[in-house]
Enquirer: 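Before we start, here is the structure in question, set down as structure tokens.
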Amino acid sequence: MPIIEAEPSPIEINIEQTALIVIDMQKDFLRHGGYGESLGNNPDMLARTIVPIQSILKLARDKGIFVIHTREGHLPDLSDCSPTKLNRWPKGKRIGDLGPMGRILIRGQEGHQIIDEVAPLSSELVLDKPGKNAFYRTDLEKILREKGIINLLITGVTTDVCCSTTVSGANDHGFNAIVLGDCMASYDPSRHKAALEIIKAQGGIFGWVTDSQKVLHALQ
Ligand code: TIU
């Protein structure tokens, strides 16, 4: 079985029991005029993830690894968005308000779409989620169990928000969370670094941290 070089230790994986998760590579986070920018961030900070994610998507597709793309977003009537998530920011910049790419973080709007550069194939799963953690109010655990998956290669945005909460969720649900650091970014590089440190500290308390080159080397 392939062994991936990682911190705090290498990890041996069986490809049949491994899935790739690409988290929230949506226009709302990576393009100007979306949710990320409405929160005061520069979306260009996330662009460096695109090329390494493309290389890992190609690898997964070549090897037949199960691929899941997630999207954070809410129903048009906001019935799946708690008041605490909705009311935290000034009016006009809130989830559901109208922006240059349609209503912010609403399913079906332009901003909610995955960017073309890492677009899902029709055979791949696109998982809509109302929260940050991909296990929250989704069928993700059930889908992975049915496929016999135990290892998750985790990529996407942002490291300190939807990725780290999903890593924590994966760990609690009994999956090995293997994070590809160069395929992940935060709007703030220091938060990216800190989030990765927390995942791999204490002997890998939440999971493993590696990068796309090490995964390509192990699996190709
Ligand atoms: N704000 C921020 O960094 N991220 C999010 O709100 N969602 C995701 O990370 N997808």
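Whatever order the structure lists them in is the order used to number ligands and atoms, beginning at 1. Computed from a predicted model, the values in this text were never measured in an experiment.
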Enquirer: Less than 4.0 angstrom from a charged side-chain N to a carboxylate O is my criterion; do E141 and K147 meet it?
Expert: no

Enquirer: Taking non-hydrogen atoms only, is T158 closer than 4.0 angstrom to ligand 1 via side chain, backbone, both or neither?
Expert: both

Enquirer: Going by the order shown, which atoms of ligand 1 are within less than 4.0 Å of some heavy atom of Y35?
Expert: 6 (O)

Enquirer: Does the pair D97/K93 count as a salt bridge with the N-to-O cut at 4.0 Å?
Expert: no

Enquirer: If you have a sec, work out which protein heavy atom is nearest atom 7 (N) of ligand 1 and how many Å separate them, to one decimal?
Expert: E72 OE1, 2.9 Å

Enquirer: Tell me which protein heavy atom sits closest to atom 6 (O) of ligand 1, plus the residue, atom name and distance to 0.1 Å.
Expert: K132 NZ, 2.9 Å

Enquirer: Quick check: Y187 and ligand 1, any N/O pair under 3.5 Å apart?
Expert: no

Enquirer: Please state which option from V161, D188, L105, T70 has its nearest heavy atom closest to atom 2 (C) of ligand 1.
Expert: V161

Enquirer: Does the distance from a Lys or Arg side-chain N to an Asp or Glu carboxylate O, for K214 and E5, drop under 4.0 Å?
Expert: no

Enquirer: Pick one of side chain, backbone, both or neither for how N41 approaches ligand 1, counting any non-hydrogen atom pair under 4.0 Å.
Expert: neither

Enquirer: Could you list the atoms of ligand 1 found under 4.0 angstrom from a heavy atom of D24?
Expert: 8 (C), 10 (N)

Enquirer: May I ask you to check whether S186 and H192 show a side-chain donor-acceptor distance below 3.5 Å?
Expert: no

Enquirer: Please report which non-hydrogen protein atom sits nearest to atom 1 (N) of ligand 1, along with the residue it belongs to and the distance in Å to one decimal place.
Expert: L39 CD1, 3.5 Å

Enquirer: Look at atom 8 (C) of ligand 1 and say which protein heavy atom is nearest, naming residue and atom and giving the distance to 0.1 Å.
Expert: C162 SG, 2.6 Å

Enquirer: Testing R31, Q109, Q26 one by one against M101 for a side chain to side chain contact (heavy atoms under 4.5 Å, CB included), which residue passes?
Expert: R31

Enquirer: Quick test of your reading of the model: are K129 and D80 salt-bridged, counting only N-O distances below 4.0 Å?
Expert: no

Enquirer: If you measure from the Lys or Arg side-chain nitrogens to the Asp or Glu carboxylate oxygens, is any gap between R71 and D28 under 4.0 Å?
Expert: no

